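Because the structure is predicted, anything quoted here is derived from the model rather than measured.
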Amino acid sequence: MSNLISISVGVLGFLPFLFVFWKRLKEDYSSSQIFESGFYIIFAIAFFVLVFAFGLSRFVPPSSIFSPAGLWFWGGVVGFVVGLGIAILRLNLKFFESFEAGSLGFLIWVAIVYLTDSIKNSSLASLIAFGASFYLVLLFFFLDHRYKKFTWYRSGKIGFSGLAVTGIFFLQRAVVALFFPFVLSFVGRIDALLSGAVSFILFLLLYN
């Protein structure tokens with residue numbers, strides 16, 4: 001029963017994702033473009049989560065270095081990137097606008113998963129992870145309303161909030177993975193390297 005609840009909440013997490021994605025892009029694209037793009041991302045996330053969590057995990061024995069328990073998260077990340085790439089190529093979306101909208105929705109989706117696990121399993125680690133994710137959602141909106149006033153961000157282009165918050169999210173993961181490598185969405189200490197690399201790429205995109 002508890003597993004059914006977790007799966008149901010995880011699946012229903014696409015609703016706030018889709019709403020946020022539409023809300024952020026509705027001024028620049030038609031609803032048909034937005035929802036088609038959103039479903040590309042959702043289906044890609046679902047597909048890769050299943051492949052990573054139930055496919056790859058069977059071939060990766062748990063060890064002190066690598067744990068397959070967190071593969072679902074990285075499946076979601078890969079699915080998000082693939083789905084967003086398909087949407088951009090097929091529907092001519094602008095990268096930074098669509099990435100920002102999608103990354104906010106994805107962060108909210110992950111926060112819901114953490115909150116569900118913290119309640120179902122009385123997990124303090126998941127509760128802290130939810131708090132950190134929720135804080136980043138609030139930080140996103142704070143930056144979104146103020147980034148154009150930053151004198152050192154001269155271009156003022158859209159995408160700052162999404163790249164900055166997502167970069168901080170993966171930077172946090174890299175730090176936490178060094179000390180608590182077996183949290184719900186981690187694959188062991190190697191997660192520090194993976195998350196650190198993603199964070200570096202995101203901050204590099206922000207700088208450029």
Side-chain angles (χ1 to χ4, degrees), residues 6-57 68-116 129 133 136-137 140 144 157-170 173 184-187 191 194-195 197-206 208:
S6 298
I7 294 172
S8 299
V9 171
V11 171
L12 291 176
F14 82 87
L15 293 175
F17 169 86
L18 199 58
F19 173 76
V20 170
F21 194 69
W22 168 78
K23 184 76 172 176
R24 299 286 304 180
L25 297 177
K26 67 187 178 87
E27 301 293 333
D28 300 308
Y29 302 99
S30 66
S31 294
S32 61
Q33 282 179 295
I34 297 171
F35 286 113
E36 185 176 348
S37 301
F39 281 115
Y40 282 142
I41 298 173
I42 290 169
F43 286 133
I45 289 174
F47 174 78
F48 281 98
V49 165
L50 291 174
V51 170
F52 277 51
F54 299 104
L56 292 181
S57 62
L71 279 173
W72 67 268
F73 173 82
W74 288 103
V77 172
V78 171
F80 174 78
V81 173
V82 171
L84 182 63
I86 293 173
I88 290 173
L89 291 175
R90 286 183 61 89
L91 299 171
N92 297 317
L93 303 186
K94 294 181 180 178
F95 171 75
F96 290 108
E97 293 177 351
S98 53
F99 175 84
E100 183 164 86
S103 62
L104 176 61
F106 184 74
L107 187 60
I108 293 173
W109 198 344
V110 170
I112 292 172
V113 173
Y114 280 134
L115 179 61
T116 303
S133 301
L136 289 177
V137 172
F140 176 95
D144 191 52
K157 291 182 179 179
I158 193 170
F160 176 90
S161 304
L163 289 171
V165 169
T166 311
I168 294 171
F169 174 77
F170 281 97
R173 284 180 58 88
L184 174 66
S185 64
F186 288 2
V187 291
D191 209 298
L194 295 173
S195 296
V198 174
S199 179
F200 174 78
I201 292 171
L202 291 167
F203 283 124
L204 185 62
L205 285 173
L206 180 61
N208 287 333

Verify side chain to side chain contact (heavy atoms under 4.5 Å, CB included) between Phe48 and Val77, making sure each step is shown before the conclusion. CA-CA 9 Å; Phe48 281 98; Val77 172; over 6 Å; no
What is the minimum heavy-atom distance between [X] and [Y], and which atoms define it?
X	Y	value
Ile41	Leu84	CG1-N, 3.6 Å
Phe21	Ser37	CE2-CB, 3.8 Å
Glu100	Phe160	OE2-N, 3.7 Å
Ile108	Val20	CD1-CG2, 3.8 Å
Leu93	Ala87	CG-O, 4.0 Å
Ser103	Gly162	OG-CA, 3.9 Å

[atom1]-[atom2] distance between [X] and [Y], expressed to the nearest 0.5 angstrom:
X	Y	atom1	atom2	result
Leu163	Ile201	CG	CD1	12.0 Å
Ile34	Lys26	CD1	NZ	9.0 Å
Ile88	Glu97	CD1	CD	10.5 Å
Leu194	Arg173	CG	CZ	9.0 Å
Ile42	Leu18	CD1	CG	4.5 Å

Relative to the ring of Phe73, is the ring of Phe169 parallel (under 30°), tilted (30 to 60°) or perpendicular (over 60°)? tilted
Name the orientation class of the two ring planes belonging to Phe170 and Trp74 (parallel below 30°, tilted from 30 to 60°, perpendicular beyond 60°).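 Plane angle between 30° and 60°, so tilted.
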Would you indicate whether the side-chain heavy atoms of [Y] and [X] approach each other to under 4.5 Å?
X	Y	answer
Ile45	Trp109	yes
Leu91	Tyr29	no
Leu104	Lys23	no
Phe99	Thr166	yes

Is it the case that atom CZ in Phe203 sees more than 12 heavy atoms from other parts of the structure closer than 6.0 Å?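 Result for CZ/Phe203: enclosed.
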Counting only heavy atoms not in Phe95 (residues, nucleotides, ligands), do more than 12 fall under 6.0 Å from its CZ?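 More than 12 within 6.0 Å, yes.
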Any donor-acceptor pair under 3.5 Å linking the side chain of Ser133 with the backbone of Ala111?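 Flag not set: sc Ser133 to bb Ala111 has no pair under 3.5 Å.
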